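To start, the structure under review is shown below, and the notes come after it.
In this text, all values refer to a predicted model and were calculated from it rather than measured experimentally. Both counts, for ligands and for their atoms, begin at 1 and track the order of listing.
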Amino acid sequence: MAPSFDNETSLFNFVVRDGNGVKGIVDLGISKVPQAYIQPPAEQINKKNASKCEIPPIDLSKLDGPDHGEEVNQIVRAAETLGFFQVVNHGVPTELLDSLKQTAHNFFGLPPERKAVYRREVSPSPLVKYGTSFVPEKEKALEWKDYISMAYTNDDEALQQWPVECRVVALQYLKTSHEMVRKLLEALLGNLGAELDDSKIDAFIGKKMVNMNFYPTCPNPELTIGVGRHSDMGTLTILLQDGIGGLFVKVPQDVNMEKKGEWVEIPPIPGALVINIGDMLQIWSNGRYKSAEHRVRTTSTKSRVSIPIFTSPQPTQKIAPLPQVVEKDGVARYKEFLFSDYTNNFFGNAHDGKKSLEFAKTNSA
Ligand SMILES: O=C(O)CCC(=O)C(=O)O
Ligand SMILES: [Fe+2]
């Protein structure tokens, strides 16, 4: 029988406060999405208009060979245009990718009370947070997504404090992807005239977080969104998606590419990882690299999982466009700020496209 939530508050309490998540309402057997999840028409995703991004994945094993220069060019070109690309031969074993997806399904399949212990208000660890949507208190319509977030400080704390169901695979994912992240960053910063030695790496990716996202099947995918339009706020995001599809990126208006201003789907490629440029790389590069505006569609057939690693500077890091780029450009398009101030602004507002960058823009942007 379809449950009835007498008003929006009781739905909000059930999903958000009590930690049942979207999974909780789906498990009750609803046949229509509750009003709280119905997006305004402008945000609904029209599947019929979707075209796919046909750009082949970048083979990272070539970075170590004679084609190094061409590989770097491909990475730079992707960062300057779509802000999204896929990579293969990235160093993360295929079996680990499979275990990660399985682990995410297992975790979200746990009874609600086992997940709800990690709600922000009650979590036994400051590193771990389970939640739903993005900032539910601030959103006009909720996002059709539950997640668990695991911040990395060191191996010991991860192995003690991250949920026992996920800790080993999530930590392995973080470790086996580190070298790839370093190489991508080296390529991107090198192109801007900045060398990345070990002493500087913390300034760019001193903080890492592994998330597991769960998008349950949705009775009305055309009315809802999994994740609303946003760009990631950090440096680089590494994303493992499963075979369901539904990740869309907006082709920027101001780049030399086909389909300007259109949404294109990043198709699942078995064994590949998706990389996207975050706001900090857009700022350090004084706007040359594009943090990609993206969003996620829901589906009525199967639940979807995705597992991002968010890399970013430490909260205390001062951020500003790199001096060598500003010198060349003759103007700084972004001001100097503290990364923690950027984060507070990002998490203080509902997803709204690339509005997060307004925080850092100067009049020249
Ligand atoms: O699920 C996805 O494919 C993307 C998720 C995402 O954009 C995010 O977690 O920031
Ligand atoms: Fe994202």
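Scanning the protein for heavy atoms near atom 5 (C) of ligand 1, the closest one is Y215 OH, 3.5 Å.
Using a cut-off of 4.0 Å between Lys/Arg side-chain N and Asp/Glu carboxylate O, E143 and K145 are scored as not salt-bridged. Between R114 and E165, at least one side-chain N (NZ, or NE/NH1/NH2) sits under 4.0 Å from a carboxylate O, which counts as a salt bridge. Under a 4.0 Å N-O distance rule, the pair E358/K355 does not qualify as a salt bridge. Contact check on K52 versus E265 returns a salt bridge, with a Lys/Arg side-chain nitrogen under 4.0 Å from an Asp/Glu carboxylate oxygen. A salt bridge links E293 with R229: the distance from a Lys NZ or Arg NE/NH1/NH2 to an Asp or Glu carboxylate oxygen falls below 4.0 Å.
Counting the atoms of ligand 1 from 1 in the order shown, those under 4.0 Å from a heavy atom of V296 are 1 (O), 2 (C), 3 (O), 4 (C). Close approach to N213 involves these atoms of ligand 1, each under 4.0 Å from a residue heavy atom: 5 (C), 9 (O). The contact set between ligand 1 and F310, taken as ligand atoms under 4.0 Å from a residue heavy atom, comprises 8 (C), 9 (O), 10 (O).
Y152 and K207 share no donor-acceptor pair across their side chains, judged by distance under 3.5 Å alone. Looking at S291 and Q282, their side chains do bring a donor and an acceptor atom within 3.5 Å of each other. Checking Y342 against D279 by side-chain atom types alone, a donor-acceptor pair falls below 3.5 Å. Donor-acceptor pairing under 3.5 Å is lacking for the side chains of E139 and H351. Side chains of T298 and T224: a donor-acceptor N/O pair is present below 3.5 angstrom, by distance only.
Here the Fe ion (ligand 2) has protein N, O or S atoms under 2.8 Å from it, and they come to 3.
Contact annotation: for V274 versus ligand 1, there are no heavy atoms closer than 4.0 Å. The side chain of D232, and not its backbone, has at least one atom closer than 4.0 Å to an atom of ligand 1 (non-hydrogen atoms only; side chain from C-beta on).
One option in S306, G234, P308 has a heavy atom closer to atom 2 (C) of ligand 1 than any other, and that option is S306. Counting only non-hydrogen atoms, the option in Q241, R304, H294, M212 that gets closest to atom 3 (O) of ligand 1 is R304.
In terms of N/O distances under 3.5 Å, ligand 1 is not approached by K145.
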